[in-house]
Amino acid sequence: MRDIDNSLGSIPPEHRINMGNLINDFLGNIAKEKMLEQLPKDDICDLFNILRIISLVPPSYLENASKSDEFKHIYRLLQQSITTNSISNELNSIYDTKIQGTLKILRYKQLKTIRPIMGNQYENFKNIRKNNKAKAKEFFKKRLSEAPEEIAKKYKFLDPNDHHLLFVKLSMSLLQTKIKDDDFLKYIAFLIQFPEHQIINFDIYFDEWDEFPLKWYFQFLPINIGKDIFLHYREDKSCLDDFFSQIYEVNKFEKIKSFFDSAYLKPPIMHILCGRTAVIEEVLACYELKYYSAVVCVALTIIEGLLWDFSLFIHQKEKNIYTDIEEGNINLNFLCKRYTIGHIIKNTDFKNKLYVPFIDYFCDELYNERNPILHGNNTNCFTQVNAAKKIATIEHILNMIDNYSKQAIKNYLEKNIPIEAQEHLKEQAFNILYKKNIDDSKGG
């Protein structure tokens, strides 16, 4: 502990409080880990199931489904099962029928991937399969191993045999679960009626995902909220036209403003917002004043600057992007004297720190907008919708940087605080947190 005190003592006074906040955050997290360790394995399993079930149900679709006669019937059967302390045969039958229907759809979707996997050998494969199924199976297996990663991944994911094991198992302990200020039975009823929603990778299950334009924004959204947005898009493509402007109408930039106070984005850890916070605040003010041209133009420079500095921060930690920062040379697979942030994102290890859909969005859409706008050739995009989208992009990048910084700090503290000291700190932090929870419950 003396080493930590000495380290804090070497930090400038104006940054010492922030470093202390980071350490307190680290201690709080390990205290929560300690609390989880104290739980019986069955309780941890139940907790995981509860959180998983809630996270799979899109809110607006639950609301609509709950009005249907089928949902109401399933819900009544769940209530009756609780009353009799036994899951009704009718409920099991309904659920099994629904699951079998979902598995058939998965199998159908999987079969549709065979033609692109086989390519120009598809007709040959069909002929072999007629006469020798074992040989056809080996032939397909070889082609699958050689297929593009994306289509091979899709084929394996759609295997009904794998998904059958993942569906929620009905049990009395699950049905009797109580959640404060919520009705857990309605989530179970929804997943019985629509078991396809238990498939976590709905991006592969639904064909429309490939064309969905907001994949990049989903990285930090709860699964159920992201699913809700996507499912609305499937029904009405125009629903995204004012998506971001509607969000900011409601939350008034709460999320992006929260990053201004993040200990993980402040000195001595990072200086990425030094000089930028005031500029971002001006962008937000311009948006509220409806100066959308100012928002778009300034936001584009902030977006690019944040990504440049993020790449430098990563390189300082991992030494894997630039070969020589002083000379401006970067670690590319080809000679590129006048490189851009787009080159760095596409061709260095920086891409491994970014969400793949964000890379596609940045390189294919956002970066192509940059020059026409900033060189004055395009004034058609100075709209509220585009201005809101640029602010959402800044928010998303800050979220990525904040997450990376959190993990970097966690790794640093785990590496530099001895295991014995960590266990001691974990015990102390757990006792403090446990006492606080007890006091809060008494106060309530």
Side-chain angles (χ1 to χ4, degrees), residues 55-61 101-122 125 140 143-160 162-163 166 194-244 246-247 342 345-347 351-369 381 385-386 388-390 392-393 396-397 399-400:
S55 73
L56 291 173
V57 178
S60 67
Y61 280 79
T102 300
L103 293 175
K104 284 181 181 178
I105 294 173
L106 282 169
R107 181 57 182 161
Y108 170 74
K109 289 177 177 289
Q110 187 186 44
L111 290 173
K112 284 176 65 177
T113 66
I114 292 178
R115 183 184 286 272
I117 289 170
M118 297 307 300
N120 58 11
Q121 293 294 314
Y122 180 68
F125 167 72
F140 177 77
R143 295 289 294 188
L144 181 63
S145 67
E146 298 168 350
E149 182 181 354
E150 187 174 341
I151 189 68
K153 177 183 175 184
K154 188 170 186 176
Y155 175 85
K156 293 172 183 175
F157 168 79
L158 291 169
D159 187 346
D162 289 344
H163 283 279
L166 298 176
F194 304 105
E196 64 269 22
H197 282 276
Q198 299 185 43
I199 300 171
I200 295 175
N201 295 70
F202 62 94
D203 53 331
I204 295 178
Y205 184 79
F206 295 110
D207 296 334
E208 293 87 350
W209 178 257
D210 291 337
E211 64 188 39
F212 183 57
L214 292 186
K215 291 192 282 284
W216 62 273
Y217 188 70
F218 272 37
Q219 184 178 7
F220 302 110
L221 285 180
I223 293 172
N224 59 339
I225 301 300
K227 185 187 289 186
D228 213 324
I229 297 166
F230 170 68
L231 292 175
H232 280 297
Y233 168 79
R234 289 183 72 228
E235 296 175 358
D236 177 14
K237 302 292 189 292
S238 66
C239 74
L240 300 181
D241 290 348
D242 56 354
F243 173 72
F244 291 114
Q246 285 182 343
I247 286 177
I345 287 175
K346 281 187 172 181
N347 300 291
K351 67 177 179 287
N352 298 323
K353 305 302 177 186
L354 303 176
Y355 186 44
V356 172
F358 176 79
I359 296 175
D360 296 336
Y361 160 64
F362 181 84
C363 294
D364 297 340
E365 178 183 338
L366 192 67
Y367 203 67
N368 289 333
E369 266 189 322
C381 58
V385 169
N386 202 26
K389 193 172 184 180
K390 297 299 175 284
T393 306
H396 183 82
I397 294 170
N399 217 337
M400 286 194 294

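The figures here come from the full heavy-atom set of this structure, side chains too, leaving out hydrogens, waters and symmetry mates. If you're wondering where the values come from, they're calculated on a predicted model, not measured in any experiment.
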Does the pair Leu240 and Ile229 meet the rule for a side-chain contact (heavy atoms from CB on, under 4.5 Å), with working shown? CA-CA 9 Å; Leu240 300 181; Ile229 297 166; 4.0 Å; yes
Counting only heavy atoms not in [X], do more than 12 sit closer than 6.0 Å to its [atom1] atom?
| X | atom1 | result |
| --- | --- | --- |
| Lys104 | NZ | no |
| Tyr108 | OH | no |
| Glu150 | CD | no |

Using a 4.5 Å cut-off on heavy atoms from C-beta on, say whether the side chain of [Y] contacts that of [X].
| X | Y | result |
| --- | --- | --- |
| Tyr361 | Thr393 | yes |
| Leu214 | Phe244 | yes |
| Phe140 | Tyr155 | yes |
| Pro213 | Tyr233 | yes |
| Asn224 | Val57 | no |

Locate the shortest heavy-atom distance separating [X] from [Y]; write the atom from each residue and the value.
| X | Y | answer |
| --- | --- | --- |
| Asp242 | Val385 | CA-CG2, 4.2 Å |
| Pro58 | Leu56 | CD-O, 3.3 Å |
| Cys363 | Asn368 | O-ND2, 3.7 Å |
| Leu221 | Gly226 | CD1-CA, 4.1 Å |
| Pro59 | Ile225 | CG-CD1, 3.9 Å |

What orientation do Phe125 and Tyr122 show, parallel under 30°, tilted 30 to 60°, or perpendicular over 60°?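 Ring orientation, 0 to 90° scale: tilted.
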Could you check whether the rings of His396 and Trp216 sit parallel, tilted or perpendicular, using 30° and 60° as the cut-offs?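 It falls in the perpendicular class, over 60°.
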How long is the gap from [atom1] on [X] to [atom2] on [Y], to the nearest 0.5 Å?
| X | Y | atom1 | atom2 | value |
| --- | --- | --- | --- | --- |
| Asp159 | Arg107 | CG | CZ | 7.5 Å |
| Gln198 | Glu196 | CD | CD | 9.0 Å |
| Arg234 | Asp207 | CZ | CG | 8.5 Å |
| Lys154 | Glu149 | NZ | CD | 14.5 Å |
| Leu354 | Lys351 | CG | NZ | 10.0 Å |
| Ile151 | Ile114 | CD1 | CD1 | 10.5 Å |

Distance under 6.0 Å and angle within 45° of ring axis: Lys215 vs Tyr217: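 No - Lys215 does not lie over the ring of Tyr217 by the 6.0 Å and 45° rule.
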Quick one, Met400 with Ile397, criterion side-chain contact (heavy atoms from CB on, under 4.5 Å). Give me CA distance, side-chain angles, the key distance, then yes/no. CA-CA 5 Å; Met400 286 194 294; Ile397 294 170; 4.1 Å; yes
ring-ring contact (aromatic ring centres under 6.0 Å, His included) for Phe212 and Phe218? Distances and angles first, verdict last. CA-CA 11 Å; Phe212 183 57; Phe218 272 37; 5.2 Å; yes
Do any N or O atoms from the side chain of Tyr61 and from the backbone of Leu231 form a donor-acceptor pair under 3.5 angstrom?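 Pair found, side chain donor or acceptor close to backbone of Leu231.
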Taking the side chain from Lys227 and the backbone from His197, do they hold a donor-acceptor pair closer than 3.5 Å?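 Yes: the side chain of Lys227 pairs with the backbone of His197.
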Side chains of His232 and Asp236: any donor to acceptor distance under 3.5 Å?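 His232 and Asp236 do not have a side-chain donor-acceptor pair below 3.5 Å.
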Is a salt bridge present between Lys389 and Glu369, judged by a nitrogen-to-oxygen distance below 4.0 Å?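 Glu369 and Lys389: not salt-bridged.
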